[in-house]
Amino acid sequence: MDRLPSIQRDRLRRGQVVVTGNNGQYTARVLVTATLPQVWAVLTDYDNLAKFIPNMASSRILQDQGDRKVVEQVDRRQVFVVNVVSRTVLEISEEKLAKINFRLTEGDLENLAGAWQIEPVSFVPRQPPTQVLITHTVTVQPKTNIPSATFFDIFEASLTETLLAIAKEVQRRNP
């Protein structure tokens, strides 16, 4: 947290999501009061992500090899007057209680890769951590048949929605 600009630290401490980047390269962060295992349990609950992530119609594990998984996700959203459905198959590698790397292996995007990272945060210096900083970095590129500016606007907004939903689910599971 200390490496972030003070305005971002302040927003995170107030429970807000901070999204930086543009044109397909983003970093989104949220701070939650929880433990690393509590946050990890939510982020790796692949078969149930659609129950709490907005616009995710389905998410299911296709292959499970311990810390390596293949997950299919379907996103469904209304864009203007059109219902848009997007499917992705992600190869995931997990670094237990620290990081989840992912990359697109097939789907309706040209490119998608990134990571989820979780770090313990102490609200008071030199005291045990009581919070977790969730950082989501992602690089995304739409297929050429989608207007890039519209896609990036929608994708950037979805980052905020997704991180707020994850924070809410962490709190719901661990009141």
Side-chain angles (χ1 to χ4, degrees), residues 3-5 7-9 11-12 14-32 39-40 42-62 69-95 98-119 132-172:
R3 68 188 183 283
L4 298 174
I7 193 163
Q8 289 184 21
R9 288 193 311 261
R11 289 183 59 207
L12 288 166
R14 286 187 279 137
Q16 297 176 348
V17 172
V18 173
V19 178
T20 57
N22 57 33
N23 295 324
Q25 294 195 342
Y26 303 98
T27 299
R29 293 182 173 92
V30 69
L31 185 64
V32 296
V39 173
W40 186 260
V42 171
L43 291 177
T44 59
D45 191 5
Y46 306 112
D47 285 332
N48 291 302
L49 293 177
K51 291 180 180 175
F52 57 89
I53 299 211
N55 300 306
M56 188 173 289
S58 68
S59 178
R60 66 187 179 111
I61 298 172
L62 301 178
K69 294 175 179 57
V70 176
V71 176
E72 176 191 59
Q73 296 180 334
V74 176
D75 182 85
R76 180 174 287 127
R77 66 184 65 234
Q78 188 80 23
V79 179
F80 305 115
V81 295
V82 180
N83 191 23
V84 177
V85 178
S86 174
R87 177 183 169 270
T88 58
V89 177
L90 303 172
E91 182 179 282
I92 294 172
S93 65
E94 301 171 344
E95 299 172 28
K99 192 172 187 180
I100 302 164
N101 297 296
F102 61 89
R103 70 174 189 84
L104 182 74
T105 59
E106 67 178 84
D108 297 325
L109 296 171
E110 188 65 36
N111 180 42
L112 177 66
W116 291 90
Q117 186 168 344
I118 58 176
E119 304 169 74
V132 175
L133 178 64
I134 302 170
T135 302
H136 180 46
T137 55
V138 63
T139 300
V140 63
Q141 201 63 41
K143 294 240 174 161
T144 54
N145 61 340
I146 301 170
S148 292
T150 302
F151 174 85
F152 291 139
D153 287 346
I154 293 166
F155 191 86
E156 189 173 334
S158 77
L159 290 172
T160 299
E161 293 172 355
T162 297
L163 268 74
L164 284 174
I166 288 168
K168 184 177 177 182
E169 182 66 10
V170 168
Q171 296 307 313
R172 187 191 71 75

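All residue numbers refer to positions in the sequence shown, counting from 1. All values below come from the heavy atoms of this structure, side chains included, with hydrogens, waters and symmetry mates left out.
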Tell me, do R60 and L62 make a side-chain contact under 4.5 Å, heavy atoms counted? yes
Check against side chain to side chain contact (heavy atoms under 4.5 Å, CB included), E161 and V17: CA-CA 9 Å; E161 293 172 355; V17 172; over 6 Å; no
d(N48 CG, I53 CD1) to nearest 0.5 Å is 11.0 Å
Nearest-0.5 Å distance that lies between atom CD in Q73 and atom CD1 in I61: 10.5 Å
Provide the closest heavy-atom pair for L159 versus A28 in the form atom of the first, atom of the second, distance. CB-CB, 4.3 Å
According to side chain to side chain contact (heavy atoms under 4.5 Å, CB included), who are the partners of R11, at least two apart in sequence or on a separate chain? R14, Q16, V18
Testing the basics here: between L104 and L109, what is the closest heavy-atom pair and its distance to 0.1 Å? CD2-O, 3.4 Å
Would you give the length of the straight line joining atom CG of N55 to atom CZ of R77, rounded to the nearest 0.5 angstrom? 4.0 Å
Minimum heavy-atom distance T20-Q8, with the two atoms named: CG2-NE2, 3.5 Å
Within a reach of under 6.0 Å around NZ of K168, are more than 12 heavy atoms found that belong to other residues, nucleotides or ligands? no
Is any side-chain heavy atom of F102 closer than 4.5 Å to one of E94? no
Go through the steps to decide whether F151 and E156 satisfy the test side chain to side chain contact (heavy atoms under 4.5 Å, CB included), and finish with yes or no. CA-CA 9 Å; F151 174 85; E156 189 173 334; over 6 Å; no
Within-4.5 Å side-chain heavy-atom neighbours: T137 and Q117: no
Distance in Å, L49 CG paired with T44 OG1, rounded so as to fall on 0.5 Å steps: 8.5 Å
Any chance you could measure L12, atom CG, to I7, atom CD1, to the nearest 0.5 Å? 11.0 Å
Pairs involving residues 100-111, ordered by first then second residue, that meet salt bridge (charged side-chain N to carboxylate O under 4.0 Å, His left out) (sequence neighbours left out): R87-E106, E91-R103
Rounded distance [0.5 Å steps], CZ in R9 versus CG in L133: 12.0 Å
Determine yes or no for a side-chain-to-main-chain donor-acceptor pair under 3.5 angstrom, with T105 supplying the side chain and V89 the backbone. yes
For W116 and I134, what are the C-alpha separation, side-chain angles and deciding distance, and is it a side chain to side chain contact (heavy atoms under 4.5 Å, CB included)? CA-CA 7 Å; W116 291 90; I134 302 170; 3.8 Å; yes
Contact check, side chains of H136 and I166, non-hydrogen atoms, under 4.5 Å: no
Verify side chain to side chain contact (heavy atoms under 4.5 Å, CB included) between E169 and D45, making sure each step is shown before the conclusion. CA-CA 11 Å; E169 182 66 10; D45 191 5; 5.8 Å; no
Between F52 and A165, what is the shortest heavy-atom contact and its length? O-CB, 3.1 Å
If every non-hydrogen atom of K143 is compared with every non-hydrogen atom of G107, which pair is closest and at what distance? NZ-O, 3.4 Å
Please check: side-chain N/O of S59 versus main-chain N/O of Y46, any donor-acceptor pairing under 3.5 Å? yes
Which atom of R76 lies closest to which atom of A57, heavy atoms considered: NH1-CB, 3.6 Å
